[in-house]
Asker: 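Before anything else, here's the structure in question.
Note that the coordinates shown come from a computational prediction; the quantities given were computed from them, not determined experimentally. Every chain is numbered from 1 and lettered A, B, ... according to where its sequence line falls, protein lines coming before strand lines.
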Amino acid sequence: MRITPNITSQNSLYNLQQSRSILDQLQEKVASGQNYNRPSDDPVTARQLVGFADQLRSGEQYAGNMTKATIWLKVTNSALEGMAATMSEIKKLVSTLTNGTDMVQVRQNAAAQLETYKKQLVDYGNTQLNGVYVLAGTRDNLTAPFSGSTYNGDDTDMGIEIGSSITQTMNITGGRVLKGTNAAPHQYGSVDILTELDNLIAAVNANDTAAITTGAQMMEDGALQINAAIADVGGRLTRLDNMQKFNTTTKNVIQGVVANIQNADYTKLAVEIQQQQLAYQATLSSTAKITQISLLDYL
Amino acid sequence: MGLSAALEIGKQGLRNYQVAAEVVSENIANVNTPGYSRQRVIFETAPPTTHNGFPLGTGVKIATVERYYDSLLQKQLVNAGTTSGYDATKSQVLQQIEPAFNEIAQDGLGAALTDFFNSWSDLSLNPTGAAERQAVLDRGQILADQFNYISRTLNDAMVTQNEAVPVMVGDINRMLDNIAQLNGQIKVTQMVYGNANEMRDQRDYLVRQLAENLAVSFTENSDGTTDITYTDGTGTYALVTGSTAGSLSTAIDGTLPDGTARNVVQVTTAAGVGPTTVDPVTGKLGAVMVTRDTTLVGYLNQVNTLAETVADTVNTQHQNGFDLNGTVGGTFFTYTPGQAAATISVDPALTVTTVAASGSAAQKGDNANALAIAQLAKTGQAALAGSTYNNYYNGLVAQVGLDVQSAANVVKQDEAFMKQLTTLREAHSGVSLDEELTDLIKYQRSYQASAKLITVADEMLDVVVNLMR
């Protein structure tokens, strides 16, 4: 084939361009630290990568939800633990009164103490987290649910997302704990602790031993009711903990896969750049040499 | 035949080698002229005469100055030019819009979608929280902004393509006029002087350039002219016949999705028939029209479908809920049907109080509706062929990536093919300086020899003249 200077220069340019663009691609990978920098680098892998990114973002959201729910449940738990402690104080006090006493002073003292315990129960029932009453249900959780023996809240569950299409009830309602609302799905017991406590205080004041005995029994049942709620909260916390662990494992696995696909292998890139640089320099050098040769130099 | 014949032969030699040297100098001068084909002097012996019973030649004569030209190669270059013009333009347009879909390098619509539904998930944990409610509104606006941005990128690209049509049409018309003009000159020149090599080169080069813009076919006529025709799905049109050129023009037909008047191309043939609306699908002009009317519109439709589905499903669910006042929820997003991505926005009437997180009018602390909206993100949508929002969008990202990648690959192949063809053309028609210099020395020596011949003949004549003294 006839080779003209133009063919040589065209070919040299083409080859220099090819070589240069490979160098450029390698440089981009090194600079970004990523193997894929745009969807067209590898559309199939890009599809996977954006899918993984979505999954990771959702995972982070679930993790955040679970952390918040855990705090909520721990606050609920400490309120319930407080109630349980108060209930055992009440039981202890009532056990000394079951046989009745003629001493008015003792009865009044006991009644006053029971009043205090009741207030304490109500205070626990009005536990707040960030301005929200955790035991108030959902009707109006910005107002204290308990006033006296009345419960103004409701017993609606508040579900939250802890996984893709997985929800978990977060709240325990004051009605179920202290007012004996015993509707499904969370059945702890049907003792209206606050009203029974009122009855008990009246019985103590009236020295009605039969009523005091009944009241004592009610307090026993009430304590069990609160313990059942505590057990439920414990169960939920365990579930959240497990889900959190599962979530973290999933996240680690996905991050590992993404890193495998996406993270640039610097050692490999360095070697490739070395090779490509050599090729590029050789092309430059040979181009410079060939294009200089002309018959003119010898005439 | 006497000594004067020898003088005559010498004189012819001088003249012819001078012409040969001129042709060499023309070649050398045009070594870098695009489209130039090298020329060669074809020598032949001058007609012999019979002298003293012997047929003897009367010297050298230039038969023609020939141009190295391969019509088959020209055809291939024309076709390859059309393909490469189409692919290169399409690839360029696609690469311009790819950054809008680059979810790998930066967070775009995909991230905005997830973040929006995550903000509902946050709200479900604290349904009465003002901060969470504000976050839902903000995330909604960011999502709307992302839709607006992608729609604007696509629309801008379409408008740019649309605006390129009249410019290209003007360019093509200029080429058609020039080709017709050159045809006329070539015809006249050939009738008078024989060949018109340079003008043919210029015309053939123009034909190749024209082919990059529009798929044309050409016929070489015996009078030296080249006729150009254009064929597409609507018919065949003569663009250049001899020295008459037809023309292209633009007309308005409908509007682009953003309301800009849509340019279409019309052809008036060399015979004056038309203008007829044509449908170019090849060459740069075809690429501009196809990307504008098919590729980009395809992407925009998908983004619109997604925007509409997100707005509709979120609105429906939002209207099932109740706000802090116990009032039933209003629309969350507003948009203009048909232009959902461009016009989607959070309903301006919506405030922190009227975000409907609750599932019951009486329970403002309820989170049922917030949870239901958050869970929409993981639900397959009938309007998206059963995909979730994110999956649908990720599919679009992959599709854009695939289109860009395959266009870039095709361009690479085109470049290699064009390089091969131009190399072949160069090998055949290109000027080699080494070769020209060799020829130059050859002709110089021949010129010197012819001059010597004249000197010798002169000396011989001198002898003869002196004899008679």
Side-chain angles (χ1 to χ4, degrees), chain A residues 1-7 10-11 14 17 32 34 36-51 53-54 57-58 60-62 64-65 68-69 72 130-133 136-142 153-154 156-161 164-165 167 170 262 293-296 299, chain B residues 31-32 94-95 98-99 101-105 110-111 114-115 117-118 121-122 124-129 358 360 362-368 371 374-375 377-378 390-391 393-395 397-405 408 415 419 422-423 426-428 430-435 437-438 441:
Chain A
M1 195 168 88
R2 257 180 101 245
I3 302 293
T4 68
N6 276 335
I7 295 183
Q10 265 173 22
N11 283 348
Y14 180 82
Q17 275 298 324
S32 66
Q34 298 187 332
Y36 306 99
N37 291 291
R38 58 187 68 73
S40 60
D41 285 349
D42 184 344
V44 178
T45 313
R47 176 77 178 75
Q48 282 182 314
L49 284 173
V50 287
D54 283 343
R57 264 193 293 270
S58 303
E60 266 167 44
Q61 182 61 37
Y62 298 142
N65 288 359
K68 287 182 194 165
W72 176 285
N130 296 329
V132 172
Y133 292 90
T138 64
R139 186 182 301 146
D140 179 8
N141 53 19
L142 298 176
D154 68 337
T156 313
D157 284 344
M158 209 158 109
I160 55 145
E161 248 188 324
S164 184
S165 319
T167 54
M170 181 169 78
Q262 185 62 300
I293 304 171
S294 164
L295 186 55
L296 270 173
L299 287 176
Chain B
V31 64
N32 291 320
L94 288 177
Q95 277 176 24
E98 192 190 11
F101 294 95
N102 193 350
E103 284 294 320
I104 299 179
T114 316
D115 287 346
F117 289 102
N118 279 350
S121 193
D122 277 334
S124 76
L125 280 133
N126 188 11
T128 47
S358 168
S360 149
Q363 295 168 310
K364 64 179 181 185
D366 183 46
N367 73 347
L371 192 62
Q375 286 179 329
K378 303 286 170 211
N390 273 94
N391 272 340
Y393 178 66
N394 292 348
V397 168
Q399 195 202 326
V400 172
L402 200 63
D403 288 352
V404 174
Q405 188 196 37
E415 273 173 7
K419 175 184 154 276
T422 25
T423 304
E426 268 294 321
H428 187 67
V431 176
S432 159
L433 285 178
D434 295 344
E435 189 181 313
L437 287 170
T438 319
I441 290 164

Asker: Counting heavy-atom pairs closer than 4.5 Å to chain B, which one of A:Ile7, A:Thr138, A:Val44 comes out on top?
Answerer: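 Most heavy-atom pairs under 4.5 Å with chain B: A:Thr138.
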Asker: Quick one about B:Lys378 and A:Ser58 (side-chain donor to acceptor, distance below 3.5 Å, no hydrogens or angles considered), yes or no?
Answerer: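 Their side chains do contain a donor-acceptor pair, which is all the 3.5 Å distance test asks for.
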Asker: Does the pair A:Leu296 and B:Leu433 meet the rule for a side chain to side chain contact (heavy atoms under 4.5 Å, CB included), with working shown?
Answerer: CA-CA 9 Å; A:Leu296 270 173; B:Leu433 285 178; 5.9 Å; no
Asker: Please flag which part of A:Met158 lies under 4.5 Å from any non-hydrogen atom of chain B: side chain, backbone, both or neither.
Answerer: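 Its backbone and side chain both get close to chain B.
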Asker: Side chain to side chain donor-acceptor pair (under 3.5 Å) with A:Thr45: which residues, sequence neighbours excluded?
Answerer: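 Only A:Asp42 meet the side chain to side chain donor-acceptor pair (under 3.5 Å) criterion with A:Thr45.
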Asker: With a 4.5 angstrom heavy-atom cut-off, which part of A:Leu142 approaches chain B: side chain, backbone, both or neither?
Answerer: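 Only the side chain of A:Leu142 comes within 4.5 Å of chain B.
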Asker: Run B:Asn394 and A:Asp54 through side chain to side chain donor-acceptor pair (under 3.5 Å) and show every step you take.
Answerer: CA-CA 9 Å; B:Asn394 292 348; A:Asp54 283 343; 2.9 Å; yes
Asker: Are B:Asn118 and A:Glu60 side-chain neighbours, meaning at least one heavy-atom pair lies under 4.5 Å?
Answerer: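 SC-SC contact between B:Asn118 and A:Glu60 ruled out.
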Asker: If you measure only the distance, is there a donor-acceptor pair under 3.5 Å linking the side chains of B:Ser124 and A:Glu161?
Answerer: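 A:Glu161 and B:Ser124 do not have a side-chain donor-acceptor pair below 3.5 Å.
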Asker: Who wins among A:Val50, A:Asp41, A:Val132, A:Asn130 for the most heavy-atom pairs under 4.5 Å with chain B?
Answerer: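 Most pairs with chain B among the choices: A:Val50.
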Asker: Given a strict heavy-atom distance threshold of 4.5 Å, which part of A:Ala46 is in contact with chain B: side chain, backbone, both, or neither?
Answerer: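 Both parts, backbone and side chain.
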Asker: Is any side-chain heavy atom of B:Ile104 closer than 4.5 Å to a side-chain heavy atom of A:Gln262?
Answerer: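 In short, these two side chains touch, coming nearer than 4.5 Å.
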Asker: Kindly give the heavy-atom pair with the smallest separation between B:Gly401 and A:Pro43, and that separation in Å.
Answerer: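 In this case the closest contact between B:Gly401 and A:Pro43 is C-CG, 3.6 Å.
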Asker: With the side chain counted from C-beta on, respond yes when A:Thr156 and B:Asp366 share a heavy-atom pair under 4.5 Å apart, and no when they do not.
Answerer: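 Counting from C-beta outward, A:Thr156 and B:Asp366 do come under 4.5 Å.
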Asker: What do the steps show when you test A:Met1 against B:Thr423 for side chain to side chain contact (heavy atoms under 4.5 Å, CB included), and what is the final call?
Answerer: CA-CA 10 Å; A:Met1 195 168 88; B:Thr423 304; 3.6 Å; yes
Asker: Sort out for me which of B:Val404, B:Leu94, B:Asn390 touches chain A most, counting heavy-atom pairs under 4.5 Å.
Answerer: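 Top count of heavy-atom pairs under 4.5 Å with chain A: B:Asn390.
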Asker: Which residues pass the side chain to side chain contact (heavy atoms under 4.5 Å, CB included) test with A:Arg139, sequence neighbours left out?
Answerer: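 Testing A:Arg139 for side chain to side chain contact (heavy atoms under 4.5 Å, CB included), a comparison that skips the adjacent residues, returns A:Asp154, B:Gln363.
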Asker: Just so I know, are the side chains of B:Val400 and A:Pro39 near enough to count as touching, which here means a heavy-atom distance under 4.5 Å?
Answerer: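 With C-beta onward as the side chain, the pair stays apart.
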Asker: Minimum heavy-atom separation for A:Arg2 to B:Glu426, with atom names?
Answerer: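 Shortest heavy-atom separation between A:Arg2 and B:Glu426 comes out as NH1-O, 3.6 Å.
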Asker: Which residue, B:Glu98, B:Gln405, B:Gln95, forms the side-chain hydrogen bond (donor to acceptor under 3.5 Å, both in side chains) with A:Ser40?
Answerer: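 With A:Ser40 as partner, B:Glu98, B:Gln405, B:Gln95 yield a single side-chain hydrogen bond (donor to acceptor under 3.5 Å, both in side chains), made by B:Glu98.
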Asker: In terms of heavy-atom pairs under 4.5 Å with chain A, which of B:Glu103, B:His428, B:Gln375 leads?
Answerer: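 Most heavy-atom pairs under 4.5 Å with chain A: B:Gln375.
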Asker: Could you go step by step and tell me if B:Asp122 and A:Gln61 meet the side chain to side chain donor-acceptor pair (under 3.5 Å) rule?
Answerer: CA-CA 8 Å; B:Asp122 277 334; A:Gln61 182 61 37; 2.8 Å; yes
Asker: Is B:Leu371 close to A:Thr167 at the side-chain level, that is, under 4.5 Å between some pair of heavy atoms?
Answerer: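 Side chain of A:Thr167 against side chain of B:Leu371, heavy atoms only: contact under 4.5 Å found.
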Asker: Under the side chain to side chain contact (heavy atoms under 4.5 Å, CB included) rule, what do A:Arg47 and B:Val397 come out as? Steps first, then yes or no, please.
Answerer: CA-CA 7 Å; A:Arg47 176 77 178 75; B:Val397 168; over 6 Å; no
Asker: Can you tell which of A:Gly64, A:Gly159, A:Ser165 has the highest number of heavy-atom pairs within less than 4.5 Å of chain B?
Answerer: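 Ranked by contacts with chain B, first place is A:Gly159.
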Asker: Side chain to side chain contact (heavy atoms under 4.5 Å, CB included) between A:Ser294 and B:Asp434: does it pass, once the steps are laid out?
Answerer: CA-CA 7 Å; A:Ser294 164; B:Asp434 295 344; 4.3 Å; yes
Asker: Examine distances only and state if a side-chain atom of A:Asn6 and a backbone atom of B:Val31 form a donor-acceptor pair shorter than 3.5 Å.
Answerer: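 Looks like yes, one N/O pair under 3.5 Å.
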